[in-house]
Amino acid sequence: MSFRIGAGVTGLLGPNGAGKSSLLRSVATAQRPDGGSVRISGVEAAEPRHHRAVRRRIGYLPQTPGFYPGFTVRDFVLHIAILKEISGRRARLEELDRVLTAVELNDRRRDRIKSLSGGMRQRLALACAMLADPELLVLDEPTVGLDPEQRLRFRGLITDLGRDRSVLLSTHQTDDVAALCSRVIVLNGGEVRLDDTPHAVAEAARGRVWESSGRDGTALASWSTGDGRHRNIGDPPAGAHLLEPALDDGYLVLMNSSRSNVTSGGRR
């Protein structure tokens, strides 16, 4: 794979094992790639001698964040602030207020991490990634554990962050990609299947989504909708009532298409 991202929110979509987390760990210097080059603002991230310089530029939310359960929210964030080389107690306290306000955890700052819900812990991990105002945010499945209201608020936060920095976001939530991302990279088997807009992903299913009165056994996927009709994805029969494709329809088609049939916007 080969691509370049700039300011804005870029989404990564792909099944389990596609290479999303490996890619993000390589970008975040948590894993050294077997080959190739990863550059952050012109600095080679794969070289251990450059790790410190690269880590000053990035904020990383891994798929499974690590915590010290006995710490309070306040003490944990201040601990990470020290590791991120934010010097001076006043500066660290200002960053504490800023990131906890952004993720709406200010009222829980004195709570111990072990008492937080899964969604709150995820917001705490995002707050730590935001420390020191990084120019690149690397977010691996950031909406895991968030309820619908929290996910909507998360979208607003990420949209704001993406206005003046790069955000690389991996998720299985196609609706998050549709709502947040101006660009999406679809991965499968460690290869880029499509690099374009969310609209282009949906368009991959143009002419391949249809409605029927019952389940179509020839479809890639078929399910009953709220009105009792069935939505089908695949090769429609003659005369089928075609539907407007959605992003998840296009994603399914891409995952079941040969590489030679996949088009790309040619973006890098």
Side-chain angles (χ1 to χ4, degrees), residues 1-20 23-24 139-144 146 148 151-152 154-156 158-159 162-163 166-213 215-216 218-268:
M1 64 182 69
S2 179
F3 60 88
R4 180 167 54 233
I5 67 171
V9 184
T10 299
L12 292 178
L13 275 178
N16 291 330
K20 302 187 303 298
L23 172 60
L24 295 190
L139 310 178
D140 196 354
E141 300 290 347
T143 59
V144 170
L146 301 184
R151 281 181 60 202
L152 291 175
F154 165 84
R155 289 177 184 176
I158 296 303
T159 298
R163 287 177 181 157
S166 300
V167 180
L168 189 56
L169 166 71
S170 171
T171 181
H172 285 101
Q173 303 289 342
T174 55
D175 52 344
D176 282 342
V177 171
L180 287 169
C181 303
S182 57
R183 177 184 176 193
V184 58
I185 298 171
V186 181
L187 298 179
N188 196 18
E191 296 181 336
V192 175
R193 302 299 299 274
L194 185 72
D195 178 359
D196 215 311
T197 64
H199 176 73
V201 176
E203 284 297 301
R206 174 69 62 185
R208 303 194 66 186
V209 185
W210 71 99
E211 186 181 63
S212 62
S213 58
R215 183 183 301 274
D216 191 324
T218 67
L220 292 173
S222 179
W223 64 93
S224 178
T225 60
D227 60 4
R229 303 285 290 175
H230 277 72
R231 186 181 182 91
N232 308 280
I233 304 172
D235 295 321
H241 178 215
L242 297 180
L243 301 176
E244 191 69 17
L247 191 147
D248 49 356
D249 300 326
Y251 170 74
L252 181 63
V253 168
L254 288 170
M255 291 300 100
N256 287 273
S257 299
S258 65
R259 194 168 189 270
S260 60
N261 290 332
V262 176
T263 59
S264 172
R267 302 176 64 173
R268 291 176 62 84

Please list, chain by chain and in numerical order, all residues satisfying side chain to side chain contact (heavy atoms under 4.5 Å, CB included) with Asp175, sequence neighbours excluded.
Arg151, Arg155, Gln173

Report yes if the side chains of Met1 and Leu23 come closer than 4.5 Å at any heavy-atom pair, otherwise no.
yes

Determine whether a donor-acceptor pair (N or O, by modelled atom type, separation under 3.5 Å) exists between the side chain of Ser224 and the backbone of His230.
no

If we only count heavy atoms from C-beta on, is the Tyr251 to Pro198 side-chain gap below 4.5 Å?
no

Would you say that Leu247 contacts Leu13 through its side chain, given a criterion of any heavy-atom pair below 4.5 Å between the two side chains?
yes

Heavy-atom donor-acceptor pair, Lys20 side chain to Leu169 backbone, under 3.5 Å:
no

Please evaluate residues Val9 and Thr159 with respect to the criterion side-chain contact (heavy atoms from CB on, under 4.5 Å), reporting the C-alpha separation (whole Å), side-chain torsions for both, the decisive distance (0.1 Å), and the verdict.
CA-CA 7 Å; Val9 184; Thr159 298; over 6 Å; no

Side-chain contact test, heavy atoms from C-beta onward, threshold under 4.5 Å: evaluate it for Asp196 versus Val184 and give yes or no.
no

Do the non-hydrogen side-chain atoms of Leu12 and Leu24 ever get within less than 4.5 Å of each other?
yes

Answer whether the closest heavy-atom distance between the side chains of Thr218 and Asp235 falls below 4.5 Å.
no

Does Asp140 reach the main-chain N or O of Ser170 with its side chain, forming a donor-acceptor pair under 3.5 Å?
no

Heavy atoms only: give me the nearest Ser166-Gly6 pair and the separation to one decimal.
OG-O, 2.7 Å

Is the backbone N or O of Ser222 less than 3.5 Å from a side-chain atom of Arg215, with the two atoms forming a donor-acceptor pair by type?
yes

What's the shortest heavy-atom distance between Asp249 and Glu244, and which atoms?
OD2-O, 4.3 Å

Would you name the heavy atoms of Arg193 and Leu254 that are closest together and state the gap between them?
NH2-O, 3.3 Å

How long is the straight-line distance from OG1 of Thr10 back to CG of Leu168, given to the nearest 0.5 Å?
6.5 Å

Atom pair CG (Asp248) and CD1 (Ile233), whose distance is rounded to the nearest 0.5 Å
6.5 Å

Do any N or O atoms from the side chain of Arg208 and from the backbone of Gly234 form a donor-acceptor pair under 3.5 angstrom?
yes

Can you find a pair of side-chain heavy atoms, one from Asp176 and one from Ile158, that are under 4.5 Å apart?
no

By salt bridge (Lys or Arg N to Asp or Glu O under 4.0 Å), Glu203 pairs with (sequence neighbours left out) Arg206

In short, Leu187 meets Pro15 closest at the heavy-atom pair O-CD, 3.5 Å

Between Val167 and Gly162, the two heavy atoms sitting closest are CG2-CA, 4.0 Å

Over all atoms of both residues, closest heavy-atom pair of Asp216 and Trp210:
OD2-CZ2, 3.3 Å

To the closest 0.5 Å, what do you measure between NE2 (His172) and OG1 (Thr143)?
10.5 Å

